[in-house]
2 protein chains.
Amino acid sequence: MLDLANYLPYLLNRSGSRIAASFTQAVREHGITLSAWRVLAALNHADGQRVGQLAEMTSIEVSTLSRLLDQMQARGLIERRRPDDDARTVTAHLTPAGRETTLAIIPIAHHYEKVALEGFSAEEAATLRLMLKRLYDNMGRLEEEETAAPLR
Amino acid sequence: MLDLANYLPYLLNRSGSRIAASFTQAVREHGITLSAWRVLAALNHADGQRVGQLAEMTSIEVSTLSRLLDQMQARGLIERRRPDDDARTVTAHLTPAGRETTLAIIPIAHHYEKVALEGFSAEEAATLRLMLKRLYDNMGRLEEEETAAPLR
DNA sequence: CGGCTTTATTTGTAAATGCAAATATATGCC
DNA sequence: GGCATATATTTGCATTTACAAATAAAGCCG
């Protein structure tokens, strides 16, 4: 039997979906989608990441990301560069406009995090963050095993 | 500034994405997508839910769900019924084949939950579940406010 | 009862997504 | 150096998704 009400992937998905939905609506008027925000946030954290790294950071599939970058580039939010040391790779960089948009959205981002954590003590919030990181690491180890042992 | 490495929506999304990705691959050979599994799990939890309820349960948008139900019905996993008491509504029900498929997948579901929680004590896991529920409730209250005060 | 508003689901349509194939460059080995 | 293999990104294409509009049935109130 499966106790759905306590099934972790279910709990994770539904809370993530609700935050995503509210945030998506909130940034809509800025003409930004949730995916685009993830890219902005990732580049704000570390500018000049390669497409593959960025895909990893944002949990966006590389081919989807490649096309999203096309749009963001067309809108002047980011630009692509081809590093000298490895011409296979492409790095993405925030433009001034991209940086400006990011800064405009950060307060909204903080707001939703605050709402999500309403009623949480600082310790509880810290515990939750740590647990989510552990969970992520656990699944990461699994992925490695799975790619190491190809499926047939 | 935004400290992405500790930004809750980011942590939530990335762990959810990893579980989703691994699980998706695992059930692929059963010819089931993650979304379809969510429907099966929701109906296994409570059969005969209306489309709207099911959308809420699965975090799948109603129109998307409507089409997903078409497919699942075509594949014989579920069937739709129109209740006597309210002919606007449609309820979804697992067929025997749907139930069978669900039972076949449940062990896989348990497996990934176990992997995700590796290294967690029972108390820690319980704490995490509770926190995710609180988070979900917090966002739910926000949604109510937002729909109560329509955005222009 | 008959119209008016609300609720529930489906359908139209454009955009986003994901897998697989194509392309381009780099690295290793003889 | 030249060829085979590996890595990084983009593109082709079919499917999924989401918003808005359409449809259908209730519920309400005169």
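Residue numbers start from 1 in every chain, and the chains themselves are labelled A, B, ... in the order their sequence lines are given, proteins ahead of strands. Computation of the quantities below employed the complete heavy-atom set of this structure, encompassing side-chain atoms and omitting hydrogens, waters and symmetry-equivalent molecules. Note that the structure is a prediction, hence the values are computed from the model and not measured.
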Donor-acceptor pair, distance only, cut-off 3.5 Å: does the side chain of B:Tyr7 make one with the backbone of A:Ala109? yes
Roughly, in whole Å, what's the span from CD1 in A:Ile60 to C1' in D:dT9? 15 Å
Expressed in angstrom and rounded to an integer, what is the separation of A:Glu56 atom CD from D:dT9 atom P? 13 Å
Does atom CD of A:Glu79 have more than 12 heavy-atom neighbours from other groups under 6.0 Å away? yes
Please give, in whole Å, the distance from C:dT9 P to B:Glu61 CD? 13 Å
Take atom CG of B:Leu34 and atom P of C:dT17, then tell me their distance rounded to the nearest Å. 15 Å
Sub-4.0 Å heavy-atom contacts from residues 46-53 of chain B onto DNA chain C, ordered by number: B:Arg50, B:Val51, B:Gly52
Rounded to the nearest Å, what distance is computed from the CZ atom of residue B:Arg38 to the P atom of nucleotide D:dT17? 9 Å
Contact list for DNA chain C against residues 65-78 of chain A - heavy-atom distance below 4.0 Å: A:Arg67, A:Gln71
Is any side-chain N of the basic residue among B:Glu118 and A:Arg141 closer than 4.0 Å to the acidic one's carboxylate O? no
Give B:Ser35 one of three labels, base, sugar-phosphate or nothing, depending on what nucleic acid heavy atoms sit under 4.0 Å from its own. sugar-phosphate
Donor-acceptor pair, B:Ser15 side chain versus B:Leu12 backbone, under 3.5 Å? yes
If you compare all heavy atoms of A:Arg82 against all heavy atoms of A:Val90, which two are closest, and at what distance to 0.1 Å? NH2-CG2, 3.7 Å
Pick from A:Arg129, A:Lys133, A:Glu113: which one makes a side chain to side chain donor-acceptor pair (under 3.5 Å) with B:Asn6? A:Lys133
Toward the 5' end of DNA chain D, which comes first, B:Thr33 or A:Thr89, by nearest nucleotide? A:Thr89
Carboxylate-amine/guanidinium contact B:Glu56 A:Arg14, below 4.0 Å: no
Might you confirm whether atom CG of B:Asp85 has over 12 heavy atoms from other residues, nucleotides or ligands at distances under 6.0 Å? yes
If you check every side-chain atom of B:Asp86, which of D:dA26, D:dT10, C:dT10 has the closest atom? D:dA26
Closest to the 5' end of DNA chain C, once A:Arg88 and A:Ser63 are matched to their nearest nucleotides, is A:Ser63
Are any of A:Arg82's side-chain N or O atoms less than 4.0 Å away from OP1 or OP2 of C:dA24? no
Ranking A:Thr64 and A:Ala87 by the position along DNA chain C of their nearest nucleotide, the one closer to 5' is A:Thr64
Just say parallel, tilted or perpendicular for the rings of B:Phe23 and B:Trp37, cut-offs at 30° and 60°. tilted
Do any N or O atoms from the side chain of B:Thr95 and from the backbone of B:Gly76 form a donor-acceptor pair under 3.5 angstrom? yes
Output the residues of residues 9-21 of chain A in contact with DNA chain C, where contact means a heavy atom of the residue under 4.0 Å from an atom of the strand; sort by number or write none. none
Return yes if some donor-acceptor pair links the side-chain N/O of A:Thr91 with the main-chain N/O of A:Arg50 below 3.5 Å, else return no. no
